[in-house]
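Heads up, the thing below is written out as structure tokens.
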Amino acid sequence: MALATTIQRYLSKISEGIGQLFVNFFDLIFGSLQKLIGLKAMPYVFVLPNLLIFGIFILFPMLLNFRYAFTGGTSFFPDQREWVGLANFKQLLTCGNFLDPNSCREDLFWRALFNTGGYVVFQVGLMVVVSLITALVLNRKIRARGFFRSVYFYPVLLSPIVVALIWKWILQENGLFNGILTSFGLDKIPFLVNAQWAQFWVIIISVWAFMGFYTLILLAGLQSIPANLYEAASIDGADEWKSFWNVTLPLLMPQMVVVLVLALIRAVQIFDIVFAFTGGGPGTATLYLVQYIYSKGFASPSKQFGLAAAASLIMAGILIVLTVIQQIIRKEEE
Amino acid sequence: MSAIFNFLTKTRGKNNLHITDMLTYLYLTLGIVIMFGPVLWLILSSFKSSAEVVKFPPRLLPYRQQTIQVEGFDDPLPLFNVQLDNGSTQTMAQVRRIGLEAQMIDPAKPEEIIKVNINNREPIENVYFGLDNFIEGIESFNFARYLWNSVIVTVVATIITLLVNSMAAFALSKYQFRGRQTIFLVMISTLMIPLSVVLVPVFLVITTVGWNNNLLGVIIPGAATPTGMFLLRQYMLTIPDELIDAARIDGASEWRIYAQIILPLSRPALAVLTIFSVMWRWNDFLWPLIVLSRNELFTLQVGLNSFQGELNVQWHLILAMTVLTLLPISIVFAFLQKNITTGIATTGFK
């Protein structure tokens, strides 16, 4: 015990020392800089590091993406690529019948688009419902709420690869679930080989992995609803069902919108869990948009950077539309 | 339907255990099973031998066949319960197996070999948590190297993220200057555009800078995260400007104001960003996958994924390595879970 406090004291001394060193060292640089350029210019110095990284690695690539999207060829360097106008978009969007991916020139893109669409609808729906129910349960007067909150949050911390491997192990042909099925005298189910089952499990697994985060946001919202509103409602003769619809849900709306939008945006971008879990298969059953972009740009033998960039612009368009819808909803609420 | 909602919306419990309370605890218990069960199953499985891992139906606990050292044999012999012709059972060791026939001996009388049909014998097993998978896995998987890379990426990236974003947030929340609004709006508008959308051009930039196969290429691009900057700025807006004015009158430089007044007061927001950053970086996969192609630079996630690709059937090693990969973050979570969940819930999202 005494040792622990001594160590702790030393550690805090050391970190204090490092902190002092950090402050004084940079003060030397920033202080003389301030004398040189004056107080008015200092905010630019403070934003500069962030702005540099942001500009070089986020903003510039975003603009460069347009150049890739409108040029063709297999060269990776933009100056060696020839201008092809809308050809990449045409190739992506040419379809005999828009409801039938087989009739499209880039049938994989359309499969990815349809798969992503279906995934987003079911995953986000399930996510919102499960998170809401869990948040409502956690908001009841229960023992060890902190513990249970952590239970649901734990998978959020696991990496997508770990999540994928855990479930692949459970769902494989000789895995736990098939073991349970056969112990009840049922036949094995090829969870990872059957297209519908694979799509189903991708949804379940991603809800399992992320729901704790959204539950946390909703729970924080529930806890900020003043208790006297419920008292007032019950004095007015509202039963719990009515006070859920008339008090809880309306007051929880801001958090619900946040959850819905974050879940949507995240669902559109689904990649790593599926990449390690099914690799997009069986066939193309779980091929989603980001994996399509990845495989066009980095994995396929003929590097089709133009197609990848065009597809990512279409995806960015989808994300922007989703964000704008959120802004409109938010405005309407205010 | 109404009953379900009654159950779900009640905020005050009764003194005696009501049916709704029981349902609540049922739901929570189910939650523990669903959330922890898969991880527990992974951990239990990771101790199973390569032969045990492919056995169907799988058993809950890892078992190992008992062996016995018999005089005259170099290796320990596996033990079986053997059903003899006269109907009795006896514990015997197996010398070798030829087709459907096993040559067994009684450990007490090693000279006498008895031939037994393999269907008439049952292996004797006991529960055994062996570390063989972990040792073999670490040897063939380069675990230490990947762990080191992951730690470097996580720690360095988090420090840079905190520094760069807090400085920018300070400037954007505490100064009036030309271009402030523009910078802020441009950054915020990219909030919803993830790195995965601009894979190809970012990769070009990385190649041009020469950061291919360099951990810097993994660390730097994500360091200026608009999410983090926004989170810190919103928090710093609540710090009163009077403090800054007073310090300035006392002759403090702008850097001192930032480092000695603003940073300590922003500790809750910085803590949340630290948690986010560690989570993002430790679990990041797509970006390191693209930037790093040399095996010795892989982070744990990329290494683990390529490991499962190359050893398609070696589940016993994959399981052990998965356990080792999830262990560090689970330990951190076990100690800090309360701070993490309350931190994210209160400061994380407005």
Side-chain angles (χ1 to χ4, degrees), chain A residues 23 26-27 30-31 34 42-43 46-47 49-50 53-54 57-58 61-62 64-65 68 136-137 140-141 146 148-155 157-162 165-166 170 174 176 179 182 216-217 220 240-241 244 248 258 265 269 271-272 276 290 297 305 308-309 312 315-316 319 323, chain B residues 2 5-6 8-13 24 27-28 31-32 35 38 41-42 56-58 164-165 167-168 170-171 175 177 190 192-194 196-202 205 220-221 223-224 253-256 259-260 279 283 285-286 290 301 304-305 322 325-326 329 333 337-338 341 344-345 349:
Chain A
V23 171
F26 279 97
D27 191 38
F30 279 73
Q34 189 179 337
M42 280 315 279
F46 277 102
V47 276
N50 190 306
I53 299 177
F54 176 82
F57 293 106
I58 300 179
M62 276 183 189
L64 203 60
N65 206 35
Y68 275 102
L136 287 169
V137 169
R140 288 171 56 85
K141 198 177 176 187
F148 283 112
R149 198 172 56 175
S150 299
V151 167
Y152 290 98
F153 190 77
Y154 175 62
L157 291 169
L158 300 179
S159 83
I161 307 302
V162 167
L165 286 175
I166 288 174
I170 290 176
N174 292 326
L176 178 65
T182 47
L216 220 55
I217 297 175
E240 310 247 354
W241 167 261
F244 172 78
T248 312
V258 168
I265 287 168
Q269 297 173 40
F271 170 73
D272 24 26
V290 174
F305 299 115
S312 68
M315 188 173 135
L319 290 173
T323 316
Chain B
S2 163
F5 269 88
N6 277 351
L8 288 172
T9 52
K10 195 167 272 168
T11 47
R12 282 155 295 138
T24 302
Y27 186 91
L28 294 173
I32 295 182
M35 295 330 238
W41 175 245
L42 171 84
F56 188 83
V164 162
N165 287 299
M167 280 168 66
F170 170 58
Y175 293 95
F177 59 96
T190 63
M192 293 307 178
I193 312 286
S196 58
V197 170
V198 286
L199 279 185
V200 177
V202 191
V205 173
I220 300 296
S253 70
E254 299 307 298
W255 172 262
R256 275 193 190 280
Q260 291 184 317
M279 248 165 67
N283 294 337
F285 174 67
L286 177 58
I290 286 167
Q301 313 304 337
L304 191 60
N305 186 60
T322 311
T325 306
L326 69 79
I329 204 125
F333 183 61
Q337 41 113 348
K338 203 165 176 165
T341 46
I344 290 177
F349 282 89

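To find a chain, count down the sequence lines: A is the first, B the second, and so on, and within it residues start at 1.
Annotation: maximal heavy-atom pairing with chain A below 4.5 Å, among B/Thr322, B/Leu304, B/Val198, B/Val200, occurs at B/Val200. Of the residues considered (A/Thr182, A/Val151, A/Val290), A/Val151 shows the highest number of contacts with chain B, using heavy-atom pairs under 4.5 Å.
Ring orientation note: the planes of A/Phe46 and B/Phe170 are nearly perpendicular, at an angle over 60° on the 30°/60° scale.
Put simply, the side chain of A/Ile166 reaches to within 4.5 Å of the side chain of B/Leu326, judged on heavy atoms. Proximity of B/Ser253 to A/Asp27: side-chain heavy atoms (C-beta onward) are separated by under 4.5 Å at one or more points. A/Phe30 is listed as a side-chain neighbour of B/Met167, based on a closest heavy-atom distance under 4.5 Å. The closest side-chain heavy-atom distance from A/Pro160 to B/Asn283 is below 4.5 Å.
A distance of 9.0 Å separates CH2 in B/Trp255 from CE in A/Met42, rounded to the nearest 0.5 Å. Atom CH2 of B/Trp41 sits about 5.0 Å away from atom CG of A/Leu176, to the nearest 0.5 Å. Remark: A/Ile53 CD1 to B/Ile220 CD1 distance equals 5.0 Å, nearest 0.5 Å. Atom CG of B/Leu28 is separated from atom CZ of A/Phe148 by 4.5 Å, given to the nearest 0.5 angstrom.
B/Gln337 meets the side-chain hydrogen bond (donor to acceptor under 3.5 Å, both in side chains) test with A/Ser150; sequence neighbours excluded. Listed by chain and number, the residues in a salt bridge (charged side-chain N to carboxylate O under 4.0 Å, His left out) with A/Arg149 amount to none (sequence neighbours excluded).
Within the 4.5 angstrom heavy-atom criterion, atoms from both the backbone and the side chain of A/Phe26 approach chain B. For A/Pro155, the part lying near chain B is the side chain, with the backbone staying farther off; criterion is any non-hydrogen pair under 4.5 Å. Proximity to chain B is limited to the side chain of A/Phe271, based on heavy atoms less than 4.5 angstrom apart. Proximity to chain B (any heavy atom under 4.5 Å) is restricted, for A/Met315, to the side chain, taken from C-beta onward. For A/Tyr154, the parts sitting under 4.5 Å from any heavy atom of chain B are the backbone and the side chain alike. Only the side chain of B/Ile290 comes within contact range of chain A, with heavy atoms under 4.5 Å apart. Heavy atoms of A/Ala276 lying under 4.5 Å from chain B belong to its backbone as well as its side chain.
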Let's go through A/Asn50 and B/Asn165 carefully: what are the C-alpha distance in whole Å and the side-chain angles of both, what is the deciding distance for side-chain contact (heavy atoms from CB on, under 4.5 Å) to 0.1 Å, and is it a yes or a no? CA-CA 6 Å; A/Asn50 190 306; B/Asn165 287 299; 2.9 Å; yes
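Between the side chain of A/Gln34 and the backbone N or O of B/Glu254, at least one donor-acceptor pair lies under 3.5 Å.
For the residue pair A/Val137 and B/Thr24, the shortest heavy atom distance occurs at CG1-CG2, 3.6 Å. Counting all heavy atoms, side chain and backbone alike, B/Val205 lies closest to A/Pro61 at CG2-CG, 4.1 Å. The two atoms that bring B/Phe177 and A/Pro43 nearest to each other are CD2-CB, 3.4 Å, heavy atoms only. Across B/Pro57 and A/Gly179, no two heavy atoms sit closer than the pair CB-CA, 4.3 Å.
Side-chain contact annotation: B/Gln301 with A/Ser159, donor-acceptor N/O pair under 3.5 Å present.
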